[in-house]
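This report concerns only the one structure given below.
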Amino acid sequence: MTYKQMTARSTAVSAATFERAASGAVVPSWETVQEFILATLGEGDFHPEPFMDRARHLWIKARRATRAPFYVGQAPDPTLLSSPADLVRALRHQHVWAGYPTPGEMERMFGPGILPRTTARRIIEGDVLPVDPQQAIAFLKACYVVRAADLQQWLASAVRVLRDIPARSRNLDSWVRAHQQMVRQAQTESAAQAPPSTSQDRQAV
């Protein structure tokens, strides 16, 4: 396909943007990657989800390779956090590991009011922690921590370390409830992904 033909199948991206994305000179925005895939799918490709999942994985790796400093060699482990300072640092490292999404990109993922770009910028710079669990979840999802099993580990760590901040301990119940809800969601997701049992399995039981 020519880039002009691709543009005819896209309502958001120009031929010049498609050409620049394919050049390898820059890592394009995720929105451009999505449009690139949709514009080049065949007529029989009714389910683009596998393409999108693979593309997102590769896109994050490309952003990380071109943006992340050398000292962030792996994703942070939230189970190792023991202080508010650890949580601040881990959130910043998760942002780096996600390939430095800009505050504007992070805000657009959720719409106005959920994660304002000014708040996202202050969290990225280490000036503040998320004000509530909803904002923490939004920040983490914007950094591509999306599985409930992973999010519940971050919330568990937040509950543990925020006890040491008097101003936050008064609001700790909301963090505890959010963690409990995420644990249940993780269990539901795990059950949904488990392979169905066979008749032989049931007989063995």
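Residue indices begin at 1 and follow the sequence shown. These values consider heavy atoms only, across backbone and side chains, with no hydrogens, waters or symmetry-generated copies.
Cluster annotation: Leu172 and Met182 are assigned to the same hydrophobic cluster (Ile/Leu/Val/Met/Phe/Trp/Tyr, side-chain heavy-atom contacts under 4.5 Å, transitive). The same ILVMFWY cluster, assembled from side-chain heavy atoms under 4.5 Å apart, contains both Leu129 and Val145.
With hydrogens and angles disregarded, no donor-acceptor distance shorter than 3.5 Å links the side chain of Ser190 to the backbone of Ala186. A donor-acceptor distance shorter than 3.5 angstrom exists from the side chain of Ser157 to the backbone of Pro78, with no hydrogens or angles considered. Proximity of a side-chain donor or acceptor of Gln5 to a complementary backbone N or O of Thr2 within less than 3.5 Å is detected. Put simply, the side chain of Arg160 gets close to the backbone of Leu81: a donor and an acceptor are under 3.5 Å apart.
Between Glu105 and Arg108 there is a side-chain heavy-atom pair separated by less than 4.5 Å. No side-chain heavy atom of Gln152 sits less than 4.5 Å from a side-chain heavy atom of Gln181. For the pair Leu151/Val146, no side-chain contact is recorded, criterion being any heavy-atom separation below 4.5 Å from C-beta on. Using a 4.5 Å cut-off on side-chain heavy atoms (C-beta onward), Lys141 and Phe110 make contact. Annotation: side chain of Leu87 is in contact with side chain of Trp154 (closest heavy-atom distance under 4.5 Å). In this structure, Tyr144 and Gln94 have side chains that are not in contact, with every pair of non-hydrogen atoms separated by 4.5 Å or more. Between Val161 and Asp86, the closest side-chain pair of non-hydrogen atoms is not below 4.5 Å. Within the 4.5 Å cutoff, the side chain of His95 has heavy atoms near those of the Pro101 side chain.
Considering OG1 of Thr66 and NZ of Lys61, their distance stands at 13.0 Å, rounded to 0.5 Å. Leu162 contributes atom CG, which lies 9.0 Å from atom CG of Asn171 (distance to the nearest 0.5 angstrom). How far CD of Gln153 is from CZ of Arg147: 8.5 Å, rounded to the nearest 0.5 Å. In this structure, Arg184 CZ and His179 NE2 are separated by 10.5 Å, a value rounded to the nearest 0.5 Å. Summarising the geometry, atom CD belonging to Glu189 is positioned 11.0 Å from atom CD belonging to Gln187; distances are rounded to the nearest 0.5 Å.
Closest non-hydrogen pair, Pro28 versus Val26, comes out as CD-O, 3.4 Å. Here the closest heavy-atom approach between residue Ile37 and residue Ala55 is recorded as CD1-CB, 3.3 Å. In plain terms, the two heavy atoms of Val96 and Arg64 that are nearest each other are O-CG, 4.5 Å. Here the shortest heavy-atom pairing between Ala178 and Leu155 reads O-CD1, 3.7 Å. In terms of heavy-atom proximity, Ile60 sits nearest to Ala98 at CG2-O, 4.0 Å.
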_Pair His57-Asp53, side-chain contact (heavy atoms from CB on, under 4.5 Å): steps then yes or no_ = CA-CA 6 Å; His57 173 73; Asp53 290 343; over 6 Å; no
*After noting the C-alpha distance and the side-chain angles of Thr102 and Met106, does the key distance pass the side-chain contact (heavy atoms from CB on, under 4.5 Å) rule?*
CA-CA 6 Å; Thr102 67; Met106 298 171 79; over 6 Å; no
*Just do the side-chain contact (heavy atoms from CB on, under 4.5 Å) check on Gln34 and Ser29 with the steps written out, would you?*
CA-CA 9 Å; Gln34 286 179 302; Ser29 69; over 6 Å; no
_Verdict with supporting geometry, Arg9 and Glu35, side-chain contact (heavy atoms from CB on, under 4.5 Å)_ = CA-CA 9 Å; Arg9 301 181 66 176; Glu35 289 294 319; over 6 Å; no
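Thr7 and Ser10 share no donor-acceptor pair across their side chains, judged by distance under 3.5 Å alone.
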Which side-chain N or O atoms in residues 113-124 pair as donor and acceptor under 3.5 Å with protein atoms at least two apart or in another chain?
unit_1	atom_1	unit_2	atom_2	d
Arg117	NE	Glu107	OE1	2.8
Arg117	NH2	Glu107	OE1	3.0

Name the atoms and distances for all side-chain donor-acceptor pairs under 3.5 Å in residues 132-140, with sequence neighbours left out.
unit_1	atom_1	unit_2	atom_2	d
Asp132	OD1	Gln134	N	3.3
Asp132	OD1	Gln135	N	2.7
Gln135	OE1	Val131	N	3.0

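Screening residues 13-37 for ring pair (Phe, Tyr, Trp, His ring centres under 6.0 Å), with sequence neighbours left out, gives Phe18-Phe36, Trp30-Trp59.
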